[in-house]
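Take a look at the structure below.
The chains referred to below are lettered A, B, ... by the order of the sequence lines, with proteins before strands, and numbering in each begins at 1. This structure is a prediction, so every number in the text was calculated from the model and none was measured.
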Amino acid sequence: MDSIHVTLPDGKVVEVQRGTRIDEITPAIATNGNIVAAKIDGRPVDLSRRLDSDCSLAWVSIDSPDGLDVLRHSTAHLMAQAVQSLFPGTQVTIGPTIEDGFYYDFKRDRSFTPEEIEKIEARMEEIAKANLKVTREEMLRSQAIELFRRMGEDYKVAIIEDLPDEVVSLYRQGDWVDLCRGPHVPSTGAIKAFKLTGVAGAYWRGNEKNEMLQRIYGTAWPTRQALKEHLRLLEEAKKRDHRKLGQELGLFMISDVVGPGLPIWLPKGAMVRSILERYIVDIERSMGYQHVNTPQLARVDLYKRSGHWDHFKENMYPPMEFENKEELVLRPMNCPHHITIYKHGLHSYRDLPVRLAELGTMYRYERSGALSGLSRVRAMTLNDAHIFCLPEQIQAETVGVLRLIQRVYRDFGLKDYWYRLSLRNPMDKANFVDNDAMWDGAEGYLRQALDEVGVSFKEAVGEAAYYGPKIDVQLNDVLGHSETLSTVQLDFYLPERFELEYVDRDGQYKRPVMIHRGVISTMERMMAFLIEHYAGNFPLWLAPVQVKVVTVTDQQLDYARKVSAELTAAGWRVELDERNEKLGYKIREAQLAKIPYAVVIGDKEVEAQTVAPRRRGGENVAPLSVSDFIQRLKFEVAQERGEA
RNA sequence: GCUGGCGUAGCUCAACGGUAGAGCAGCUGAUUUGUAAUCAGCAGGUUGUAGGUUCAAAUCCUAUCGCCAGCUCCA
């Protein structure tokens, strides 16, 4: 009589007694190592969960996203158990899963040494092998607090005290227990392939004012092969690291004599950069932007008026003071300068939109620990523009920017990106301008623009700039992490602060709206991204050296010089290898330098007045005349740029 | 900024208390070579910097600068 109906994953409905455990209904799955958890009406639970009402069940297999999450969470527990058994007195705090893995934060006086990490790994293997049952129990909040207090787990106590629930769940494996929502694998034996990947300090609750905890990162996979494959991918990604390739290919350097975070562009890197600059400036001009140039210093009052001094001061270099008390700062942003240009003259509504663009160099103070290669620097040149427009032009202008972004991404072959609509956090009045009507309106315009372009987007609360909402275009990097490349920000605030005006059709002075936008980010970050995106193999149109001319012996040097001069005169970036080395050696160097074409010249080519191109990678092209080769190069560039 | 790891020749690395070494790159010479490394010789260093311990320091200790992985922050 006290029975319930359970719909099984295969659609069958069974009638079982209330309180039956999931793994009792279909004993087969209990022994199937591939199933690590179940879902009751879509909610993940342990396989040992008792069913108390009609429901439908689904299995969570270890290689599904949910299953991996369970596995990694359980591995975090496994690690915490190992740590506490090896190092008594260490307190546990939190141990969530993250992309591809997990971490657990511990409170311990000293940090973990590499040797200790090895010991922890070994102990984890032992516990996994012992195949301890993982059991769940529920407990009143107050009891749990009492329990963890007795255990000396102050952080767990603090966590439970913040939980709203009256009943909390605990998980036990062997003599070890942790507060956790679950679900977990049925027993530690389900954990078969893991590796601890790093130690780091981390602040309790992510706040740098709190004490520092010791974090251990790890990764876990259903099989050893999957783990191996993951570690191999990490190695692959390392080879594409722009810092490594930048050094190998002679693109840029950072000198601790000049200063950290202040990149120095070497000739080859500067070549790529200037191609990028020319490319983006040309496109912007064709789309109605006017390029300007403004100085990198300004009176501090300019930034006081803009509000940056209040909101951005910790990222600004302190003012330089002179005898006459004039204070100058290195600019951290270009907008006030562009605003100044706008204010230089009267604007009719007929003039709008005014689109001012600049490759503006600016300086931001970054904490030393934040610096990283070209992607996080202290001096950077932004592909910046400010659109001053009528309120009714916002949507069209935003759409225009989005289309520009799409066009540029196509040219770089970027496909793996997504849009993020970054909104204010209405609760956070301190970090966002306090004007709900302004925000609501602005957020609406951006949504409409995204809809008009017809792209899907994710909303992110609290990610807006302090003066307005924005659309960020997020790219996935080599490791799958997303980073902002392009951004479109709506701003009603600076026009107000600077009392920007235009004369409307009715003769009244009115406020324009500002759109801040960046398409290819900063030259530094774009370069970092492209190096990794192409793994250093720049397409022909971007390659710092496009053609390397190599001869079989030095007998062909005269002709090779002529070929090289002809290509150079036609505008191609060419290097001639005049060294007395064997052909294979010179080919090898051209390949390692990732030059798109090596052009081979031997007696046959001199005789026939041709060149024998070899593409980067090894593909040989049948010998052809220099002018035919140039046609081929032109065609290839046109293809890359979507013009052929 | 914080936690941990690491700084040796231009590059990649060895030496881990007892006279700093290799490969590649560079230079010189020989070789005249057909699609990813021809051979030989030469040269190259106050071991990031500054102190300290020691008969003796690249090696141990302290400070400092920088790099790396995270935390925090972000274009």
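- Here A:G518 lies out of heavy-atom contact (under 4.0 Å) with every strand.
- Classification of the A:H516-A:Y467 ring pair by plane angle, with boundaries at 30° and 60°, yields parallel.
- Residue contacts for A:S521: at a heavy-atom cut-off of 4.0 Å it reaches the sugar-phosphate backbone alone, with no base atom in range.
- Within 4.0 Å of A:E605, counting heavy atoms only, lies at least one base atom of the nucleic acid.
- Qualifying side-chain hydrogen bond (donor to acceptor under 3.5 Å, both in side chains) partners for A:D105, counting only residues two or more places apart in sequence or in other chains: A:R215.
- Within the nucleic acid shown, A:R525 comes within 4.0 Å of at least one base atom, counting heavy atoms only.
- A:R579 comes within 4.0 angstrom of sugar-phosphate atoms only, judged by non-hydrogen atoms across all strands, and of no base.
- Counting any heavy atom pair closer than 4.0 Å across all strands shown, A:K586 reaches no nucleic acid atom.
- Across all strands shown, A:V550 has no heavy atoms under 4.0 Å from either base or sugar-phosphate atoms.
- Donor-acceptor pairing under 3.5 Å, judged by distance alone, is absent between the side chain of A:Q591 and the base of B:rA37.
- Contact between the side-chain N/O atoms of A:R243 and the OP1/OP2 oxygens of B:rG66 is not found at any separation under 4.0 Å.
- Taking a pair as Watson-Crick or G-U with both hydrogen-bonding distances under 3.5 Å, the stems of three or more pairs touching RNA chain B are B:1-7 with B:65-71, B:10-13 with B:21-24, B:26-30 with B:38-42, B:48-52 with B:60-64.
- Across all strands shown, A:G584 has heavy atoms under 4.0 Å from sugar-phosphate atoms exclusively, and none from any base.
- Mapped onto RNA chain B by nearest heavy atom, A:S372 and A:T484 fall at different nucleotides, with A:S372 at the one closer to the 5' end.
- As judged by a 4.0 angstrom heavy-atom cut-off over every strand, A:L382 is placed among residues making no nucleic acid contact.
- Taking atom P in both B:rA37 and B:rG45, the straight-line distance is 31 Å, to the nearest Å.
- Residue A:G618 is out of contact with every strand shown, counting any heavy-atom pair closer than 4.0 Å.
- A donor and an acceptor atom sit less than 3.5 Å apart, one in the side chain of A:R376 and one in the base of B:rC73.
- Across all strands shown, A:S111 has heavy atoms under 4.0 Å from sugar-phosphate atoms exclusively, and none from any base.
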**Message:** Determine whether A:R108 and A:E116 satisfy the following criterion, salt bridge (charged side-chain N to carboxylate O under 4.0 Å, His left out), listing intermediate values before the conclusion.
**Reply:** CA-CA 13 Å; A:R108 189 194 189 209; A:E116 287 172 336; 3.1 Å; yes
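- Using a 4.0 Å heavy-atom distance criterion, A:E581 is classed as a base contact.
- A:Y217 comes within contact range of the sugar-phosphate backbone alone, with a heavy-atom separation under 4.0 Å but no base atom that close.
- A:L592 comes within 4.0 angstrom of a nucleotide base, judged by non-hydrogen atoms across all strands.
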